[in-house]
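Everything on this sheet refers to the single structure shown next.
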Amino acid sequence: MPVLSIDAESDTGIPVSLCDELPLKTMEELEHTCPHPRSTIIAPAPFAEETTYECKAPHEKLTIAQARIGTPVDRPVRVYADGIFDLFHSGHARALMQAKNLFPNSYLLVGVCSDELTHKYKGFTVMNETERYEALRHCRYVDEIITDAPWTLTPEFLEKHKIDFVAHDDIPYSSAGSDDVYKHIKEAGMFVPTQRTEGISTSDIITRIVRDYDVYARRNLQRGYTAKELNVSFINEKKYRFQNQVDKMKEKVKNVEEKSKEFVYKVEEKSHDLIQKWEEKSREFIGNFLELFGPDGAWQMFQERSGRMLQETRDSPTGSPIRECSPSRSPSPTLPWMHNKSSPPSSPKGASASISSMSEGDEDEK
């Protein structure tokens with residue numbers, strides 16, 4: 001390829017006279033090749049070492065106003081957030097969520113400090129650096145993890161990772177001999193504040209564990225950890241195990257009391273039902289009794305009718321009711337004196353004479 005004179009530079013920083021002579025591949029490298037934000041969360045976020053990209057296109061500086069308006073799809077706003085992230089909790093996740101949603105098209109890089117730096121400037125951690133890296137990789141808001149992040153951000157670090165803005169809460173963070181490790185970032189206009197989540201922090205969680213140390217030591221002894229693993233003395237181990245036995249006994253007593261209360265409640269409920277049914281039956285019995293034997297009851301009506309019938313019987317002349325002859329039966333023989341309208345015979349002799357005449361008449365008929 002012949003060497004051409006350099007006249008002027010194009011907008012991309014390449015001499016105009018060379019633009020037509022450059023291979024197509026070189027021109028394609030000038031396009032933005034920045035990694036895009038994760039569109040799915042089926043895999044953990046990659047480490048910075050795994051991306052291994054060098055975007056050849058100029059990384060122009062953005063203002064916060066420009067970033068909020070929006071950038072092209074191939075030019076996401078690269079936001080950086082750093083921290084220790086020990087005992088990763090909802091406060092950490094909420095801060096990262098805010099950083100991710102600062103701009104419409106954001107690519108969130110999260111820097112995690114190593115154990116060496118953390119122990120030097122802040123103190124001992126519960127989780128080691130590898131565990132903290134992995135915890136961050138599985139947060140849905142994170143696009144890339146930068147391991148062994150610096151305690152204080154340098155221009156070289158910002159340039160290497162092409163960081164546009166740094167996100168952190170606005171409270172001055174004094175450390176490493178500085179009143180605020182983000183002071184120079186704020187002065188450069190690259191700082192974007194986020195809000196802390198009150199009531200939750202790594203220090204708060206550790207405080208709870210230290211405050212209730214005996215409870216958690218006993219808990220882990222129950223789960224099979226040895227006294228050596230828990231760094232518990234022989235005497236304390238026996239004390240904790242005895243307390244565990246006492247607690248089990250209390251739990252059994254509590255269960256028995258609850259079951260007893262439940263049994264008593266069921267008995268009371270059934271007794272109430274029985275009493276209610278007995279009351280209903282009693283009311284029904286009393287009602288039936290009053291209906292039968294009360295002032296207006298059936299028994300009273302029966303007695304009144306019986307009384308009237310007895311009274312009528314007493315008032316009749318023969319002393320007994322007159323029975324009518326059945327038409328099917330033959331009429332009884334009539335005495336002669338019955339046909340006579342005169343009075344019946346007054347003497348026994350007359351009666352006997354009448355009877356003898358009746359017998360004679362019968363013989364004649366034969």
Side-chain angles (χ1 to χ4, degrees), residues 34-35 37 45-55 58-68 71 75-86 88 91-103 105-123 125 127 129-130 132-133 135-137 139 141-197 201-202:
C34 301
F47 291 109
E49 298 83 0
E50 298 174 359
T51 58
T52 61
Y53 81 94
E54 291 184 6
C55 183
H59 198 79
E60 64 278 6
K61 184 176 178 61
L62 297 174
T63 64
I64 294 177
Q66 290 173 334
R68 285 177 176 165
T71 57
R75 173 57 173 95
V77 181
R78 295 173 66 82
V79 180
Y80 176 80
D82 60 357
I84 311 302
F85 302 106
D86 191 21
F88 188 79
H92 295 140
R94 187 171 181 272
L96 297 176
M97 179 187 70
Q98 295 177 64
K100 176 67 176 178
N101 292 289
L102 286 171
F103 309 110
N105 184 22
S106 296
Y107 185 87
L108 181 59
L109 302 95
V110 178
V112 185
C113 299
S114 65
D115 288 344
E116 182 181 358
L117 278 178
T118 304
H119 297 168
K120 179 179 179 182
Y121 291 112
K122 191 168 185 178
T125 59
M127 300 169 66
E129 59 185 28
T130 303
R132 292 185 285 116
Y133 297 155
L136 266 297
R137 289 187 70 196
C139 177
Y141 309 112
V142 179
D143 293 306
E144 186 177 314
I145 300 293
I146 300 177
T147 60
D148 194 15
W151 198 261
T152 302
L153 301 179
T154 61
E156 293 76 17
F157 179 82
L158 298 174
E159 177 63 26
K160 175 183 177 182
H161 295 282
K162 300 186 183 299
I163 296 170
D164 294 308
F165 299 100
V166 176
H168 200 274
D169 63 80
D170 203 16
I171 301 173
Y173 193 85
S174 58
S175 180
S178 174
D179 295 334
D180 187 3
V181 294
Y182 298 105
K183 182 178 179 180
H184 63 291
I185 303 296
K186 294 176 181 178
E187 292 175 349
M190 298 176 63
F191 187 85
V192 185
T194 58
Q195 299 295 322
R196 289 180 65 89
T197 301
S201 68
T202 301

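Start at 1 with the first residue, then count along the sequence. In what follows, every heavy atom counts, from backbone to side chain, and hydrogens, waters and symmetry copies are set aside. Computed from a prediction, not measured in an experiment: that's the story for all the values here.
- Partners of T194 by side chain to side chain donor-acceptor pair (under 3.5 Å), not counting sequence neighbours: none found.
- Here D164 pairs with R75 under the salt bridge (Lys or Arg N to Asp or Glu O under 4.0 Å) rule; sequence neighbours left out.
- Evaluation of the side chain to side chain donor-acceptor pair (under 3.5 Å) rule for T118 yields no partner, not counting sequence neighbours.
- When all heavy atoms are compared, the tightest approach of Y182 to H168 is OH-CD2, 3.2 Å.
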| message | Between H92 and T202, is the side-chain contact (heavy atoms from CB on, under 4.5 Å) condition met? List the steps. | response | CA-CA 9 Å; H92 295 140; T202 301; 3.5 Å; yes
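- For D115, the side chain to side chain contact (heavy atoms under 4.5 Å, CB included) partners at least two apart in sequence or on another chain are H119, T125, N128, E129, R132.
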Give the table of side-chain donor-acceptor pairs shorter than 3.5 Å for residues 183-192, with sequence neighbours excluded, one pair per line with atom names and distance.
from	atom 1	to	atom 2	distance (Å)
H184	NE2	L153	O	2.8
K186	NZ	D180	OD2	2.9

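- For the side chain to side chain contact (heavy atoms under 4.5 Å, CB included) test, residues two or more places apart in sequence or in another chain that qualify with R94 are M97, Q98, Q195, T197.
- Taking the side chain to side chain contact (heavy atoms under 4.5 Å, CB included) definition, one finds that T147 meets it with F47, E49, Y133, I145, sequence neighbours left out.
- Taking D82 as the reference, nothing meets the salt bridge (Lys or Arg N to Asp or Glu O under 4.0 Å) condition, with sequence neighbours excluded.
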| Given the rule in the side-chain contact (heavy atoms from CB on, under 4.5 Å) test, do L102 and F165 qualify, once you have shown the distances and angles that lead to the verdict? | CA-CA 10 Å; L102 286 171; F165 299 100; over 6 Å; no
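- No side-chain heavy atom of E116 sits under 4.5 Å from any side-chain heavy atom of D148.
- Under the side chain to side chain donor-acceptor pair (under 3.5 Å) criterion, Y107 pairs with E144, not counting sequence neighbours.
- For the ring-ring contact (aromatic ring centres under 6.0 Å, His included) test, residues two or more places apart in sequence or in another chain that qualify with F157 are Y80, H161.
- Residues passing the side chain to side chain donor-acceptor pair (under 3.5 Å) test with N101: none are found, sequence neighbours excluded.
- F103 is not listed as a side-chain neighbour of L62, based on a closest heavy-atom distance of 4.5 Å or more.
- Evaluation of the salt bridge (Lys or Arg N to Asp or Glu O under 4.0 Å) rule for D169 yields R196 as partners, not counting sequence neighbours.
- Considering every non-hydrogen atom in both M127 and F88, the closest pair reads SD-N, 4.2 Å.
- In this structure, S114 and K120 have side chains that are not in contact, with every pair of non-hydrogen atoms separated by 4.5 Å or more.
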